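For reference, the structure discussed in these notes is given below.
Nothing here was measured: the structure is a model prediction, and the numbers come from that model. Numbering of ligands and ligand atoms starts at 1, following listing order.
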Amino acid sequence: MPTPKDVYTLSDLRNWTSLGKDLKPPARLAVFGDPVEHSLSPQMHNPALRAADIDCQYIRLQIKADELVEALRTLGKAGFIGTNVTIPHKSRVFAEVDEMTEVARRIGAVNTVLVSGDKLLGHNTDGPGLKRAVREEFSLDLEDMRVMILGAGGGAGRAASVQCAMDQCERLVLVNRTVEKAEMLAEELRNLDDNTRLEGPAARLEAIPWNANAIEKELGQIDLIVNCTNIGMNPVDPELIPQRLLQPHHLIYDMVYSPPRTRLMAAAESVGAKATNGMSMLLWQGALAFEFWFSREAPVEAMRRGLMQS
Ligand code: NAP
């Protein structure tokens, strides 16, 4: 029996009927990305598939931007149930799926695809994954919090912001280095049909530039700060928010999970604030993807153990 490769390619996918037939269990789920070798998704999904007694394994597929459409359209013929998509494909897949969930439509990106007959159904579990992670980490719901999103103009920041608006959080402050992106998003969120709690005084939904003065003015009226930038992944990264601005009542959700204790988390903890990394969001966005593929509850603890061992 062949040993599964760490990373497969489009050329492998094209020949999947012959290449994949000897894999036991058969590979029927994948993550598409470029690069993709760092993805922890197999470590999370393969234990889940075993725990749920589903005869299937999850693999990594290195798919370049110009290969994406062919790769998506090959999935069904190759016998795949679906796929996750990561950098740089989430926006492009949005344009390629045949149908999508409401949350994916609002976020404007797809990170999970289900093959259904000859159709591709898209979903986005990043926003819902953050929601579940925040509940697990802080025992609070987004709807009960005043939230500041750092990096609202990126893909993860947009997903987080849309989720907060859909959940009608108490207050939403969007911060982005390129402030125009945050302003455009704020405008869009003000127009969400069911967003009654965020309509009203402008201060309940604001876009502000990335500078210490503007951030300082808001922080007294903020409960949850979510870092959606990639700052914190590198040991030489700058300070995200000056430590003197953080207060003991703040809850910090840092989407970065490598390193496990980021500079922002250390700064928050030093002033007595509660802080956590993005591992729980990775877990819950994966669990929600599993539920989208199989219409059954995900074995979350098996997934958590898989991630902890990775
Ligand atoms: P992205 O689309 O490239 O967005 C990056 C964001 O960071 C943008 O808002 C960008 O601002 C901002 N940014 C980058 N460098 C900056 C700097 N030096 N100063 C201030 N802002 C800066 O990336 P993404 O896909 O959203 O991912 C962002 C992070 O979230 C990554 O670390 C990723 O690993 C993490 N993430 C984690 C999970 C999880 O499950 N835990 C899920 C998704 C993403 P501009 O708009 O001004 O460029």
Side-chain angles (χ1 to χ4, degrees), residues 31-36 38-41 43-45 65 84-94 103-104 107-112 123-134 136-137 148-163 173-186 207-212 214-215 225-242 252-265 275-290 300 303-304 306-308 310:
V31 52
F32 286 8
D34 183 24
V36 76
H38 65 278
S39 171
L40 296 179
S41 294
Q43 279 98 312
M44 170 169 52
H45 282 293
N84 286 127
V85 290
T86 185
I87 292 169
H89 301 310
K90 291 183 190 181
S91 303
R92 183 76 193 282
V93 173
F94 176 78
V103 67
I107 291 172
V110 160
N111 76 343
T112 307
H123 187 29
N124 192 313
T125 63
D126 281 339
L130 173 68
K131 171 190 173 120
R132 296 289 288 267
V134 164
E136 177 176 281
E137 300 284 1
M148 176 179 278
I149 305 287
L150 302 175
R158 186 182 161 87
S161 304
V162 169
Q163 188 67 47
V173 176
L174 309 180
V175 189
N176 204 56
R177 177 179 59 178
T178 315
V179 70
E180 294 78 16
K181 290 192 205 166
E183 285 166 348
M184 276 166 55
L185 179 58
I208 63 165
W210 191 296
N211 71 57
I215 291 175
I225 303 169
V226 187
N227 174 32
C228 308
T229 75
N230 25 36
I231 299 175
M233 297 176 87
N234 193 319
V236 297
D237 277 349
E239 198 177 37
L240 258 172
I241 295 189
I252 314 287
Y253 195 92
D254 195 337
M255 281 198 193
V256 172
Y257 50 80
S258 177
R261 190 163 183 263
T262 63
R263 191 170 172 186
L264 175 63
M265 290 170 64
T276 187
N277 70 26
M279 198 53 103
S280 49
M281 176 173 166
L282 182 68
L283 170 72
W284 281 104
Q285 62 78 28
L288 294 168
F290 184 101
V300 177
M303 300 176 94
R304 195 190 306 274
L307 276 181
M308 280 164 63
S310 61

Side-chain donor/acceptor of [X] to backbone N/O of [Y], under 3.5 Å:
{"X": "D237", "Y": "G232", "value": "yes"}
{"X": "Y253", "Y": "E137", "value": "no"}
{"X": "D126", "Y": "A156", "value": "no"}
{"X": "N124", "Y": "A109", "value": "yes"}

Evaluate [X] for polar contact with ligand 1, using N/O atom pairs at a separation under 3.5 Å.
{"X": "A156", "result": "yes"}
{"X": "I231", "result": "no"}
{"X": "G154", "result": "yes"}
{"X": "L282", "result": "yes"}
{"X": "R177", "result": "yes"}
{"X": "G278", "result": "yes"}
{"X": "N176", "result": "yes"}
{"X": "T178", "result": "yes"}
{"X": "K181", "result": "yes"}
{"X": "G157", "result": "no"}

Problem set entry | Counterpart residues, side-chain contact (heavy atoms from CB on, under 4.5 Å), relative to P88 (two or more places apart) | D34

For this session: Supply the atom-to-atom distance L283 CG to M308 CE, rounded to the nearest 0.5 angstrom.
Result: 10.5 Å

Distance from [atom] to nearest protein heavy atom, with residue and atom:
{"atom": "atom 2 (O) of ligand 1", "value": "G155 N, 2.9 Å"}
{"atom": "atom 42 (C) of ligand 1", "value": "M281 CE, 3.6 Å"}
{"atom": "atom 35 (C) of ligand 1", "value": "M255 CB, 4.1 Å"}
{"atom": "atom 28 (C) of ligand 1", "value": "C228 O, 3.1 Å"}

Exercise. Hey, is atom 33 (C) of ligand 1 touched by any protein heavy atom at less than 4.0 Å?
Worked result: no

Can you name the atoms of ligand 1, numbered from 1 with element, that are less than 4.0 Å from a heavy atom of [X]?
{"X": "M233", "value": "32 (O)"}
{"X": "G151", "value": "9 (O)"}
{"X": "V256", "value": "32 (O)"}

Problem set entry | Pair H45-N84, side-chain contact (heavy atoms from CB on, under 4.5 Å): steps then yes or no | CA-CA 11 Å; H45 282 293; N84 286 127; 3.7 Å; yes

For this session: Using a 4.0 Å heavy-atom cut-off, say whether M279 meets ligand 1 through its side chain, its backbone, both or neither.
Result: neither

Problem set entry | Shortest non-hydrogen contact from T229 toward V256 | O-CG2, 3.7 Å

Seminar exercise, completed: When every non-hydrogen atom of C228 is compared with those of G151, the smallest separation belongs to CB-O, 4.0 Å

For this session: Classify the angle between the aromatic ring planes of F32 and H89 as parallel (below 30°), tilted (30 to 60°) or perpendicular (above 60°).
Result: perpendicular

For this session: Name the option, out of L150, T229, N277, N230, that contains the heavy atom nearest to atom 14 (C) of ligand 1.
Result: N230

For this session: Any chance you could lay out the side-chain contact (heavy atoms from CB on, under 4.5 Å) test for Y257 and L307, step after step, and finish with the verdict?
Result: CA-CA 11 Å; Y257 50 80; L307 276 181; over 6 Å; no

For this session: Dump the intermediate steps for side-chain contact (heavy atoms from CB on, under 4.5 Å) on L150 and W210, then the final yes or no.
Result: CA-CA 8 Å; L150 302 175; W210 191 296; 3.9 Å; yes

